[in-house]
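Below is one structure, written out as structure tokens; the observations come after it.
Chain identifiers are assigned alphabetically (A, B, ...) following the order of the sequence lines, protein sequences preceding nucleic acid strands; residue numbering begins at 1 within each chain. Note that the structure is a prediction, hence the values are computed from the model and not measured. Just so you know, these numbers use all the heavy atoms, side chains as well, and skip hydrogens, waters and symmetry mates.
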There are 2 protein chains.
Amino acid sequence: MPRTLTRKQRERQEREARILELGRTMLSEVGYLGLSMDRIAAEMEYSKGTIYQHFCNKEEIILALANEALEKRLQMFEQAATWPGRPRERMAAIGAAAEEFVEHYPQHFAVEQIVRSASIWEKTSSQRQEFMHSCESRCLHIVSGVVRDGLAQGDLKLPAGRTPEDLVFGLWSLNFGAYTILTSSDSLGDNGISDPVLALRQSQHRMLDGYGWQPLSQELDYMALMDQVKNEVFRDA
Amino acid sequence: MPRTLTRKQRERQEREARILELGRTMLSEVGYLGLSMDRIAAEMEYSKGTIYQHFCNKEEIILALANEALEKRLQMFEQAATWPGRPRERMAAIGAAAEEFVEHYPQHFAVEQIVRSASIWEKTSSQRQEFMHSCESRCLHIVSGVVRDGLAQGDLKLPAGRTPEDLVFGLWSLNFGAYTILTSSDSLGDNGISDPVLALRQSQHRMLDGYGWQPLSQELDYMALMDQVKNEVFRDA
DNA sequence: GTCAAAAATTGACGACGTGTCAATAATTCC
DNA sequence: GGAATTATTGACACGTCGTCAATTTTTGAC
């Protein structure tokens with residue numbers, strides 16, 4: 001047989017993909033609590049036992065979805081980091097990728113939030129945990145690489161004792177926090193925050209300005225650049 | 001009767017306080033999923049029905065705890081905002097308050113995260129929801145007030161069309177995101193982020209520097225100032 | 001002090017969820 | 001064709017939520 005997978009194995013994979021597909025939909029529609037193995041089984045027209053053959057608990061499904069999300073974002077970051085231009089422009093491109101990710105795969109972002117909050121972690125296999133760590137780590141590495149390029153070119157200086165990763169941690173926190181608040185608060189407008197996504201962009205760029213990262217945002221229109229990146233790099237998505 | 005509350009009413013209040021106390025402990029020990037009305041009832045040596053007299057579901061308990069947390073932080077922010085000094089120093093004082101809050105009431109912060117992620121919101125009474133919004137709003141107002149003071153004194157300028165609230169949104173996101181990541185990730189150290197709390201401080205100050213807010217962090221040691229605020233204002237806590 | 005009305009408390013119950021596993025059905029391969 | 005292997009099933013034990021009729025306790029009028 002020249003095939004690497006038997007028919008059985010392919011069917012199994014397809015079914016697993018269907019479970020994840022359904023899981024993602026359910027998760028974004030009814031949340032973590034609404035996601036039930038019983039309902040997945042009913043919807044798929046398989047018995048519960050069969051579903052448990054694939055994922056030994058709810059949380060495994062969720063972490064598998066989170067891993068898909070992280071992989072997707074990693075890929076988008078890798079693409080964004082190749083943007084031609086000075087390091088600071090590439091940072092803006094990554095910012096655009098982060099924005100695009102949340103906008104285009106809202107369920108993916110929702111899964112990330114869930115994994116960070118509910119006590120899902122303990123119930124999952126170390127294999128998937130390691131995969132998640134690895135994605136996170138590589139993602140961080142891409143961004144800190146751009147910071148290192150900026151440092152090498154003398155475009156910015158870090159305070160004594162601070163690493164590129166510390167700077168990235170700030171950007172990461174800012175992004176994660178902003179989108180978490182954004183998706184879980186319906187009263188931002190009432191509090192004078194009419195365009196939180198724009199506010200997030202500004203905050204990011206002001207932060208980089210604060211590190212003295214050239215060219216500063218007075219010299220270059222990063223808002224326009226980010227729109228351009230979203231149009232040119234991620235237009236097909 | 002000179003008393004405003006009857007014995008019955010006082011007993012009721014005390015029991016309610018005990019429920020919340022127990023709820024807070026359980027929540028931080030076993031998480032949202034581990035918190036069960038059955039267990040609360042057993043632990044309190046009352047029947048389930050009695051507990052339901054106080055809170056008509058799990059989520060109400062959690063939101064009540066969240067409200068306590070928000071009230072506590074509001075109080076700390078109010079205190080911090082009275083710090084004598086220029087607006088930017090008062091911002092640093094508020095940053096110190098935020099830090100102190102998370103460190104000193106970790107369960108409180110954990111509750112906030114839970115409310116923002118799990119689908120708790122829909123199941124709760126509008127009364128508690130409004131209280132939460134009100135706390136949030138007042139908290140924001142304190143901080144944006146300091147920004148307005150800074151603007152009035154000419155210490156910073158905002159980009160065209162941006163409100164003080166947009167700036168505060170950035171700081172809020174940064175803080176919330178950082179502490180969320182911090183408490184839900186055990187691999188930060190492996191990724192070169194050895195002191196995330198310090199990284200958060202830096203990020204905040206760089207962001208304010210980016211807005212050109214005087215005095216800049218090169219001119220004034222905000223790290224020392226924050227430590228001082230924590231020692232002098234929040235020493236007793 | 002007595003006792004009926006009101007209020008508080010109880011816990012069995014139905015509905016639903018998880019994860020298991022002996023029984024059953026389908027598939028493989030000799 | 002049929003024994004061995006593998007896949008699938010769904011009843012089951014257990015746990016949780018929120019309800020509500022039944023029971024106990026408290027109240028206050030006499």
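With rounding to the nearest 0.5 angstrom, the CD atom of B:E112 is 11.5 Å from the OG atom of B:S117.
Taking atom CE on B:M26 and atom C1' on D:dT16, their separation rounds to 12 Å, with Å as the unit. Rounded to a whole Å, the NZ atom of B:K58 is 12 Å from the C1' atom of C:dG17. Going from atom CE of A:M37 over to atom P of D:dG10 covers 17 Å, rounded to whole Å. Note: CG (B:N57) to P (D:dT19) measures 9 Å, nearest angstrom. One atom, NE2 of B:H54, and another, P of C:dA8, lie 10 Å apart when rounded to the nearest Å. Atom CD in A:E11 sits about 17 Å away from atom P in D:dT6, given to the nearest Å. Between the CD1 atom of A:I51 and the P atom of C:dG17 there is a distance of 15 Å, given to the nearest Å. Rounded to whole Å, atom P of C:dT18 lies 9 Å from atom CZ of A:R39.
Listed candidates were D:dG10, C:dT10, C:dG19. Nearest to the side chain of A:E59 is C:dG19. If you check C:dT20, C:dG17, D:dC17 against the side chain of A:S36, the one that comes closest is C:dG17. Checking C:dG19, C:dT10, D:dT8 against every side-chain atom of A:T50, the shortest atom distance belongs to D:dT8. Across D:dT9, C:dT18, C:dC13, the shortest atom-to-atom separation from the side chain of A:K48 is found for C:dT18. Distance from the side chain of A:Y52 is smallest to C:dT20 among C:dT20, C:dT10, D:dC17. The side chain of B:S47 sits closest to C:dT9 out of C:dT20, D:dT8, C:dT9. When each of D:dT8, D:dT16, C:dT20 is scored by its nearest atom to the side-chain atoms of A:R15, the top-ranked nucleotide is D:dT8.
With respect to the salt-bridge test (charged N to carboxylate O, under 4.0 angstrom), the residues B:E45 and B:R15 do not qualify. Under 4.0 Å is where a charged nitrogen must lie from a carboxylate oxygen, and between A:R148 and A:E165 at least one such pair does.
Here B:L35 lies in heavy-atom contact (under 4.0 Å) with sugar-phosphate atoms only.
One side chain, B:Q204 or B:N175, offers a donor N or O that lies under 3.5 Å from an acceptor on the other.
Map A:L33 and A:G49 each onto its nearest nucleotide of DNA chain C; the residue landing nearer the 5' end is A:L33.
Judged by the 6.0 Å and 45° rule, B:K58 forms a cation-pi pair with B:Y32.
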